[in-house]
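Here's the structure, in C-alpha coordinates; my notes come after.
In what follows, every heavy atom counts, from backbone to side chain, and hydrogens, waters and symmetry copies are set aside.
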Amino acid sequence: MPDPLVEFPGTLFPPLRVPTGRDLSLALTAANSPVLFGCRSGLCGTCLVEIEALCGEPDPPADSEREALDLYAPGNPRARLACQLRLTQDVRIRKIPSV
(Lines give C-alpha, C1' and ligand atoms only; values in the text may rest on other atoms or scores of the structure.)
Protein backbone atom coordinates (compact mmCIF):
# COMPACT_ATOMS: atom_id res chain seq x y z
CA MET A 1 0.00 0.00 0.00
CA PRO A 2 1.44 3.43 -0.90
CA ASP A 3 2.19 6.06 1.73
CA PRO A 4 -0.73 8.39 2.55
CA LEU A 5 -1.40 11.29 0.20
CA VAL A 6 -2.08 14.75 1.65
CA GLU A 7 -4.01 17.21 -0.52
CA PHE A 8 -4.28 20.95 0.18
CA PRO A 9 -7.50 22.13 -1.53
CA GLY A 10 -7.82 25.85 -2.12
CA THR A 11 -4.04 26.27 -2.41
CA LEU A 12 -1.50 25.91 -5.19
CA PHE A 13 0.52 23.50 -3.05
CA PRO A 14 0.77 20.10 -4.78
CA PRO A 15 -0.35 16.87 -3.11
CA LEU A 16 2.34 15.29 -0.96
CA ARG A 17 3.01 11.68 0.07
CA VAL A 18 3.94 11.28 3.73
CA PRO A 19 5.47 8.06 5.04
CA THR A 20 2.86 6.09 6.98
CA GLY A 21 2.95 6.95 10.68
CA ARG A 22 5.56 9.69 10.27
CA ASP A 23 5.24 12.90 12.25
CA LEU A 24 3.16 15.05 9.88
CA SER A 25 4.60 18.32 11.20
CA LEU A 26 8.13 17.28 10.19
CA ALA A 27 7.02 16.19 6.71
CA LEU A 28 5.00 19.36 6.07
CA THR A 29 7.72 21.65 7.37
CA ALA A 30 10.35 19.95 5.20
CA ALA A 31 8.08 20.41 2.17
CA ASN A 32 7.39 24.09 3.03
CA SER A 33 3.64 23.43 3.08
CA PRO A 34 0.92 26.03 3.71
CA VAL A 35 0.36 24.63 7.23
CA LEU A 36 2.35 26.53 9.86
CA PHE A 37 3.55 25.07 13.15
CA GLY A 38 4.35 26.76 16.44
CA CYS A 39 4.85 24.72 19.60
CA ARG A 40 4.47 21.27 17.96
CA SER A 41 3.03 19.92 21.19
CA GLY A 42 -0.66 20.67 20.61
CA LEU A 43 -0.89 23.67 22.91
CA CYS A 44 -0.72 26.78 20.70
CA GLY A 45 -3.30 25.99 17.98
CA THR A 46 -1.12 27.38 15.18
CA CYS A 47 -1.53 24.22 13.09
CA LEU A 48 -5.32 23.99 13.44
CA VAL A 49 -6.74 22.33 10.32
CA GLU A 50 -9.84 20.60 9.04
CA ILE A 51 -9.13 17.09 7.89
CA GLU A 52 -11.18 15.02 5.48
CA ALA A 53 -10.32 11.39 4.83
CA LEU A 54 -10.55 10.51 1.15
CA CYS A 55 -11.88 7.06 2.09
CA GLY A 56 -13.56 6.28 5.39
CA GLU A 57 -13.07 8.30 8.55
CA PRO A 58 -9.81 9.77 9.84
CA ASP A 59 -8.35 8.41 13.05
CA PRO A 60 -9.90 10.18 16.06
CA PRO A 61 -7.87 12.59 18.19
CA ALA A 62 -6.40 11.49 21.51
CA ASP A 63 -8.01 12.86 24.67
CA SER A 64 -5.25 15.46 25.15
CA GLU A 65 -5.73 16.77 21.60
CA ARG A 66 -9.52 16.73 22.05
CA GLU A 67 -9.14 19.12 25.02
CA ALA A 68 -7.26 21.62 22.83
CA LEU A 69 -9.75 21.20 19.97
CA ASP A 70 -12.64 21.95 22.34
CA LEU A 71 -10.93 25.28 23.00
CA TYR A 72 -9.72 26.17 19.46
CA ALA A 73 -12.54 24.73 17.31
CA PRO A 74 -15.55 23.90 19.47
CA GLY A 75 -18.19 21.92 17.63
CA ASN A 76 -16.03 21.24 14.56
CA PRO A 77 -15.77 17.43 14.21
CA ARG A 78 -13.19 17.71 11.41
CA ALA A 79 -10.81 19.95 13.35
CA ARG A 80 -7.40 18.52 14.18
CA LEU A 81 -4.01 19.81 15.20
CA ALA A 82 -1.67 18.88 12.36
CA CYS A 83 1.23 18.52 14.80
CA GLN A 84 -0.61 15.62 16.45
CA LEU A 85 -1.44 13.69 13.25
CA ARG A 86 0.20 10.45 12.22
CA LEU A 87 -1.43 9.57 8.91
CA THR A 88 -2.53 6.10 7.92
CA GLN A 89 -4.75 7.12 4.99
CA ASP A 90 -5.16 9.72 2.23
CA VAL A 91 -6.55 13.05 3.46
CA ARG A 92 -7.41 16.60 2.47
CA ILE A 93 -6.19 19.30 4.85
CA ARG A 94 -7.58 22.83 5.00
CA LYS A 95 -6.10 25.46 7.29
CA ILE A 96 -8.64 26.88 9.72
CA PRO A 97 -8.12 30.65 9.84
CA SER A 98 -7.18 32.11 13.21
CA VAL A 99 -9.79 34.28 14.87
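To the nearest 0.5 Å, the span separating CD on Q84 from CG on L24 amounts to 10.5 Å. To the nearest 0.5 Å, atom CD1 of residue I51 and atom CG of residue L85 are 4.5 Å apart. In this structure, NZ in K95 is found 6.5 Å from OG1 in T46, a value given to the nearest 0.5 Å. Atoms OH and SG, on Y72 and C44 in that order, are 6.0 Å from each other to the nearest 0.5 Å.
Qualifying side-chain contact (heavy atoms from CB on, under 4.5 Å) partners for L43, counting only residues two or more places apart in sequence or in other chains: C39, S41. For the side-chain contact (heavy atoms from CB on, under 4.5 Å) test, no residue two or more places apart in sequence or in another chain qualifies with E67.
The heavy-atom pair separating L69 from A79 by the smallest distance is CD1-O, 3.3 Å. Residues A27 and L16 come closest through the heavy atom pair O-CD2, 4.3 Å. A pairwise comparison of heavy atoms in P4 and L87 identifies CG-O, 3.7 Å as the closest pair. Contact record, C83 with G42: SG-N, 3.4 Å, taken as the closest heavy-atom pair.
Pairs engaging residues 22-32 under the side-chain hydrogen bond (donor to acceptor under 3.5 Å, both in side chains) rule: D23-S25, S25-R40, T29-R40 [sequence neighbours left out]. The salt bridge (charged side-chain N to carboxylate O under 4.0 Å, His left out) contacts involving residues 7-20 comprise E7-R92, R17-D90, where partners must be two or more places apart or lie in separate chains. Note on residues 9-43: pairs passing ring pair (Phe, Tyr, Trp, His ring centres under 6.0 Å), not counting sequence neighbours, are F8-F13. Note on residues 68-77: pairs passing salt bridge (charged side-chain N to carboxylate O under 4.0 Å, His left out), not counting sequence neighbours, are R66-D70. Sorted by first then second residue, the salt bridge (charged side-chain N to carboxylate O under 4.0 Å, His left out) pairs that include residues 25-39, not counting sequence neighbours, number zero.
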Under 3.5 Å donor-acceptor pairs involving side-chain atoms of residues 54-64, not counting sequence neighbours:
residue: D59; atom: OD2; partner: T88; partner atom: OG1; Å: 3.1

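By the 4.5 Å side-chain criterion applied to Ile, Leu, Val, Met, Phe, Trp and Tyr, L26 is assigned to no cluster and stands alone.
When the side chains of ILVMFWY residues are joined at heavy-atom separations under 4.5 Å, either directly or via intervening members, L48 and V91 end up in two distinct hydrophobic clusters. Transitive grouping of hydrophobic side chains (ILVMFWY, heavy atoms separated by less than 4.5 Å) keeps I93 and I96 in distinct clusters.
The side-chain heavy atoms of E50 and N76, taken from C-beta on, include a pair separated by under 4.5 Å.
The backbone N or O of L81 lies less than 3.5 Å from a partner atom in the side chain of E65, making a donor-acceptor pair.
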